[in-house]
Amino acid sequence: MSFWNEFFSKLYIGVLTTLQLLAVAIPSSIILGIFIGVLRVYGGKIEKTLANLYVHIFRGFPLLVTLMIMFFGLADIGIRLTPYWAAALAIIVCSSAYQSEYVRMSILSIDEGQSLAARSLGMKRSVEILYIILPQAFRIAFPGIGNEIIYMILYSSLAYIVGVNEIFSVAISVNSIWFKPTEVFLTTALIYLAMTTMASYGLKKLERKLWIPGFETDVKR
Amino acid sequence: MVKDLYKRYGDKAVLRGVSFEVEKGKVKVIMGPSGTGKTTLLKCIDMLVKPDSGKIWLEDLELTDPRIDVSEARRKIGFVFQEFNLFHHLTAIKNVMIGLTKVKKLPRGEARAIAERSLLKVHIDRELWDKYPAQLSGGQKQRVAIARALAMEPMIMLYDEPTSALDPQLTREVLEVIKELAEDGMTSLIVTHEVGFASEVADEIMIMIDGRIVERGDPRSIIYDPRREETRKFFNKIMKIGDELR
Ligand SMILES: Nc1ncnc2c1ncn2[C@@H]1O[C@H](COP(=O)(O)OP(=O)(O)OP(=O)(O)O)[C@@H](O)[C@H]1O
Ligand SMILES: [Mg+2]
């Protein structure tokens with residue numbers, strides 16, 4: 001088999017694996033990020049402390065180290081994760097910590113009148129958060145969350161370290177057989193670039209869809 | 001009905017023993033200088049701020065009773081804010097519907113019908129229903145806010161300087177709506193600086209200074225023949241500002 005034949009057939013599997021990893025990591029980290037962001041603003045003393053600690057820890061660990069802990073560290077205490085799930089989990093905890101920060105800041109930037117109006121109508125706190133605060137906070141946090149999505153696409157390459165057969169690990173192994181670093185890594189870079197380009201495009205479209213007249217100026221007053 | 005209400009923020013006593021009653025179908029107006037606790041009083045009545053002591057009743061329900069469900073009670077009180085506080089992410093009609101669907105748990109169709117009726121009552125026409133708050137004028141925003149409160153069928157409406165963020169033209173259209181509602185028998189408690197409006201609409205005017213109601217009575221005697229020096233000074237001051245604006 002020629003170099004390109006072998007490279008592309010392996011890359012195909014690698015791309016699928018990366019996409020599978022992202023398909024789990026992106027939505028989970030967003031949901032978890034929103035949940036933790038909400039806890040950090042509205043939680044009781046204990047919830048707040050725990051949520052802040054979570055963010056402090058996972059923003060303080062390099063993703064690479066978190067990845068090792070999820071794979072080797074957890075195995076030591078009897079929780080054996082497959083490389084795929086160890087990588088997914090590491091990306092989720094790391095990214096959700098960052099995303100909760102965007103969510104928390106957007107919630108805090110919403111003027112108090114919104115909450116007063118919601119409560120004056122008789123809304124319970126949970127209804128207020130779900131239907132009044134979060135739809136606005138999500139729109140404000142959207143650019144930040146979008147950035148995190150791009151980062152997740154790029155940092156998913158770190159999963160090679162625990163043996164996930166994704167794009168970057170394919171590149172490494174093909175290069176070690178054929179030793180054509182320029183071809184291999186340039187192609188790999190282009191694939192990541194294609195993925196982030198598509199993601200940016202999708203995010204732009206979604207942002208336009210979520211756009212509400214005068215919203216930004218009204219909220220950030 | 002409000003009895004002996006006290007509230008302090010830190011070491012600042014904002015409400016210092018306020019008592020009064022708004023009888024069913026009546027309109028009471030509160031006037032007074034800035035910073036005397038008018039907003040705080042209205043927020044206490046809607047339990048948006050917890051008073052330090054004193055009691056508040058909504059007919060025979062004691063709102064200050066710690067055992068009651070406050071959000072349940074709040075839906076029976078309509079609150080109209082100085083800054084409108086429309087939900088930025090919802091269209092005019094959805095602003096009015098959301099209390100009906102998420103608090104009263106009405107089905108969408110029914111909620112929409114009630115919302116439409118409410119909006120028409122405050123003269124917001126069909127072509128504005130699907131506009132977002134940022135696409136509405138101040139006067140339109142405030143009327144949508146009134147419709148939002150009205151749709152919940154409150155037992156009383158509280159208005160906190162509903163027109164002080166509006167220019168004179170828009171002020172008129174909002175005051176007109178409040179007056180129509182009052183004439184329809186809506187029990188109302190209104191904080192305002194609009195002397196002319198107050199004298200037309202009020203059954204009683206209460207003057208609040210430094211956290212106390214210092215004088216009360218029918219509009220004519222309060223405005224033109226106040227018994228207390230501080231009331232006279234207050235009216236002189238706002239009339240003068242009014243003249244300067246003109
Ligand atoms: N959340 C708060 N924390 C601390 N102090 C407050 C708070 N809210 C109001 N105050 C203070 O309480 C006093 C009364 O405020 P309030 O808003 O009730 O006055 P007001 O009569 O409505 O004035 P205005 O005519 O300017 O609206 C003011 O001195 C204000 O600074
Ligand atoms: Mg005020």
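Below, read A as the first sequence line, B as the second, and so on, with proteins coming before strands; counting in each chain starts at 1.
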**Request:** Could you walk me through whether B:F87 and A:L121 pass side-chain contact (heavy atoms from CB on, under 4.5 Å), step by step?
**Result:** CA-CA 12 Å; B:F87 302 128; A:L121 288 175; 3.9 Å; yes

**Message:** If you count heavy atoms of other groups shown closer than 6.0 angstrom to NZ of B:K121, is the number above 12?
**Reply:** no

**Asked** Do other residues, nucleotides or ligands put more than 12 heavy atoms under 6.0 Å from the CD atom of B:E153?
**Response** no

**Item:** Nearest atoms (heavy-atom pairs only) where B:A134 meets A:P213
**Value:** CB-O, 3.3 Å

**Request:** Check whether more than 12 heavy atoms from other residues, nucleotides or ligands sit under 6.0 Å from atom CZ of A:F35, and answer yes or no.
**Result:** no

**Request:** Evaluate the criterion side-chain contact (heavy atoms from CB on, under 4.5 Å) for residue pair B:K43 and A:L116; output intermediate values, then yes/no.
**Result:** CA-CA 9 Å; B:K43 282 185 179 164; A:L116 282 176; 3.8 Å; yes

**Item:** Shortest non-hydrogen separation from A:Y131 to B:H89 and the atoms involved
**Value:** O-NE2, 2.9 Å

**Request:** Mark yes when over 12 heavy atoms from residues, nucleotides or ligands other than B:M155 sit less than 6.0 Å from its CE; otherwise mark no.
**Result:** yes

**Asked** Just by distance, do the side chain of B:H88 and the backbone of A:I212 share a donor-acceptor pair under 3.5 Å?
**Response** no

**Asked** Which atoms of B:L48 come close to chain A, meaning under 4.5 Å heavy atom to heavy atom: side chain ones, backbone ones, both, or neither?
**Response** both

**Request:** Please say whether more than 12 non-hydrogen atoms of neighbouring residues, nucleotides or ligands are located less than 6.0 Å from CG in A:L190.
**Result:** yes

**Message:** Heavy-atom cut-off 4.5 Å, strictly under: side chain, backbone, both or neither for B:L158 against chain A?
**Reply:** neither

**Request:** May I ask you to decide if B:L86's main-chain N or O and A:Q114's side chain share a donor-acceptor pair within less than 3.5 Å?
**Result:** yes

**Best-contacting candidate, B:E72, B:K102, B:R75, against chain A by heavy atom pairs under 4.5 angstrom** = B:K102

**Request:** Give, for atom CZ of B:R148 and atom OG of A:S120, the distance between the pair rounded to the nearest 0.5 Å.
**Result:** 6.0 Å

**Request:** Kindly check if the number of other-residue, nucleotide or ligand heavy atoms within 6.0 Å of CZ (A:F185) is above 12?
**Result:** yes

**Prompt:** Which atom names give the shortest non-hydrogen contact between A:M123 and B:S71, and what distance separates them?
**Reply:** O-CB, 4.0 Å

**Message:** Does atom CZ (A:R80) have a neighbourhood of more than 12 heavy atoms from anything else shown, all under 6.0 Å?
**Reply:** no

**Message:** Counting only heavy atoms not in A:K204 (residues, nucleotides, ligands), do more than 12 fall under 6.0 Å from its NZ?
**Reply:** no

**Item:** B:F81 portion near chain A, given a 4.5 angstrom heavy-atom threshold
**Value:** side chain

